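See below for the structure under consideration.
This is a predicted model, so every value here is computed, not measured.
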Amino acid sequence: MKKLLVCLLSVLLAAGLLLTGCAPRQASAPEAEQTPAPAGIYTPGTYTAEAAGFGGTVTVTVTVDGEKILDCVAAGDGETQGVGSIAVEELPAKIVEANSAEVDAVSGCTITSKAIIQAAKAALAQARGEEAQSAAVRMTPGTYTATEYGNNDYLEVAVTVDESSILSVEVTKHAETRFLGEEAIRRIAADMVEYQTLNVDSITGATITSNALKAAVTKCIEEAGGDPSALQNPVPPKGGKKADVTVEQADVIVVGSGGAGLSAAVTAAQGGASVIVIEKMPLIGGNTVRCASAYNAADPEMQAELPMTDTLKEAVEKAISETPVSEEHARLMADVKAKYEEYLASGSQALFDCPEWHALQTFNGGDKVGDVLLIRKYAENVLDTLKWMLSLGTEILPKISQGAGALWQRTHQVDAPAGTGLIGPLYDEAVRLNVPIITEMRADELIVENGAVVGVHAVDAYGSEYKFMANKGVVLATGGFSNNKEMRQQYDPMLTPDMVSTNQPGATGDGIVMATAIGAATTGMEYIQVYPLATPGTGALQGRARKMSGLDDVIVVNKEGRRFVNEDARRDEFVAAIKQQTDGIVYDINDSTIVEETNSFGENIETLVKLGRIYKADTLAGLEEQLGMPKGSLEQTVAEYNEMVANKSDPVFGRKLFDKPIEVGPFYATPRAPSIHHTMGGLRINPDAQVLDQSGKPIPGLYAAGEVAGGIHGTNRLGGNATADVLTFGRIAAKTILGK
Ligand code: ADP
């Protein structure tokens, strides 16, 4: 027990929890205050620098060893006695205590305080071997503002400077995503002030926001008359490689902080287990925090208003009268049939749905290669998982739609930018439960003792080694491999390295590599989904002119202004159809009735229009002109579509979704193209999320949840099934570990 306590304390310390009121820190475990700085941050010695005080020059002398400030002395004869002189007396001790010049000014003598701080910073810069910047930087004191487009909208930045230094960097307005751009802003702005530099590395995973902020601050410095090239000192390393391997211990070790990882971590912690989450990226949330937050679940209450048309009945009847491919399939079909007959007998006019039908569509939509038992476990639990998420604070729109490639109207739309409505509540609950989430900590090997997985070996950003030992189990929640160019092409040779992906850079299949190295089996690795409607060029998911993920009120046309596909088709069929179109680029078209100020990623629609990413015109003819489509083509396509909506039938492509006609201007067109999105295959697991070996036996101590696992989505994942899968199996993994 004592050992565990000591270990946990060290974990808390490593994660910075004890210093921050037990909030998980999204920072690498070894930070300046917690771990010894590497030899060589400072050249030991005594350094002196000056700055302009209130009544004259203030001089600060610091004495350092390789890693610490040992002594600090300030002098400023010209400072007012009883006012500035207080800062001269008090601040040096504070600087030594904080081991940093980043200390608060003494109230009532701000100018003298700032001069002491600035001189101390300059002295420390000398100790780090940097050129004194103050000589080169000459600015007109004041506050300067600039604007740059970030990831979601414009960043408005205000920079306050004095003659030679950056006093503050504030982003006064932005719409960047929580955990991603927002976090990058916080860290970069702080480093710019602390280290008096524009030369701060972009945060991987939030590069666009990072670069926008740096560009805006650079503009402000120029505006102030400063020379940005004189503010280019590199940020010194905030930690260093430790000689020893650090050992940490908890009941459950979770690898990956996306939806599956956080769902597992929170469930385990709610069940009373001690948990550590490790995340290799500097930012948490994985692909889940970047997703469109479409969530499938049969939900009779929410679906009550949706009509059951004849075409939809035909779809059910076809699926329950096929020749089954296995006994499990036959049982599932029989269960759907029984529910469907019950439904017909009830006389209900509302849309038919139930977990069994969701499961059968998931199995069929993946070409019947998925694991029926796994799929059934999934479909039976998704509504419960959604309710759990709602209890944690997730909010959903009051309307069910049919996500792109979802095949049925059971898609709930989370009402928050991107995936923040899922990751946010889980993160907040993890904070509440004191679960450390250690970023920049990459797991690279499973630790096995007597045939059981007992921990994970990991490496931090400085190359220090860690062993995270698990009393009860290790959950791999490392996501997919869409951004591992070799691996994805190994399994699907058509996916060449030049192809873009919707994924974050950390989606490289590490969990699969680690688990197969100890004998885990995989399934369906060759099934990799390409998302049909991403941003051309970048492959990003975002950019569309509407909030709902569903295509219920949208048509998709080619450059000739014509529909070419059934918009509610499977994603693979959709992609194949897009590839046949001119330049492989298409437009999704909607009218103004479904346009709100922002889309589901938090992007401002009008800004996207201004930037030329979305086209907008009062009339369809106007859109045709902007897009260079043949005159009258789009008008004719929309007229035909509106007639289909009236008749609830699409004689050309067999669309089944007919919510509303497209008729109220202005009209919007968003260019779209395919992008590599989801790896359906992965580790073979059983319905309890235990990882199986080659002979189908569970590997003791090892669990997998989310995109790292295979067997649910077959050859083709239904839109809206991923968030539901990752959150549900994260919970299942934790419950299995807890024995619940
Ligand atoms: P899922 O949807 O299955 O939860 P995500 O992509 O949302 O998947 O999250 C997976 C997370 O796992 C990502 O944040 C990713 O950076 C992280 N990850 C991947 N490989 C490792 C690793 N080797 N060590 C720690 N974290 C990892």
Query raised in the report: Given side chains that start at C-beta, do those of V289 and L180 come closer than 4.5 Å, heavy atoms only?
Result: yes

Query raised in the report: With a 4.5 Å heavy-atom cut-off, do I528 and F481 have their side chains touching?
Result: yes

Pairing donors with acceptors under 3.5 angstrom, does anything connect the side chains of [X] and [Y]?
X: R717; Y: H677; result: yes
X: T177; Y: N151; result: no
X: W408; Y: Q303; result: no
X: N721; Y: H358; result: yes

Side-chain atoms of residues 698-710: list all donor-acceptor pairs with protein atoms under 3.5 Å, sequence neighbours left out, distances to 0.1 Å.
residue: E707; atom: OE2; partner: T679; partner atom: N; Å: 2.8
residue: E707; atom: OE2; partner: T679; partner atom: OG1; Å: 3.1

Report summary line: Residue pairs meeting salt bridge (Lys or Arg N to Asp or Glu O under 4.0 Å), one or both in residues 354-363, sequence neighbours left out, come to K339-E356

Requested in this report: Just grab all the salt bridge (Lys or Arg N to Asp or Glu O under 4.0 Å) pairs involving residues 277-287, residues at least two apart or on different chains.
Outcome: K280-D510

Report task. Please confirm whether H713 and Y527 have ring centers closer than 6.0 angstrom. Result -> no

Report task. Measure up the F352 and W357 rings against each other and bin them: parallel (under 30°), tilted (30 to 60°), perpendicular (over 60°). Result -> tilted

Query raised in the report: Is there a salt bridge (Lys or Arg N to Asp or Glu O under 4.0 Å) between R731 and D384 once you walk through the steps?
Result: CA-CA 10 Å; R731 287 187 87 201; D384 189 49; 3.3 Å; yes

For atom [atom1] of [X], is the number of surrounding heavy atoms from other residues, nucleotides or ligands below 6.0 Å larger than 12?
X: R684; atom1: CZ; answer: no
X: K368; atom1: NZ; answer: yes
X: Q694; atom1: CD; answer: yes
X: E449; atom1: CD; answer: no
X: K399; atom1: NZ; answer: yes

Applying salt bridge (charged side-chain N to carboxylate O under 4.0 Å, His left out), name anything that partners [X], two or more places apart in sequence or on another chain.
X: D335; answer: R376
X: R442; answer: none
X: K377; answer: D688

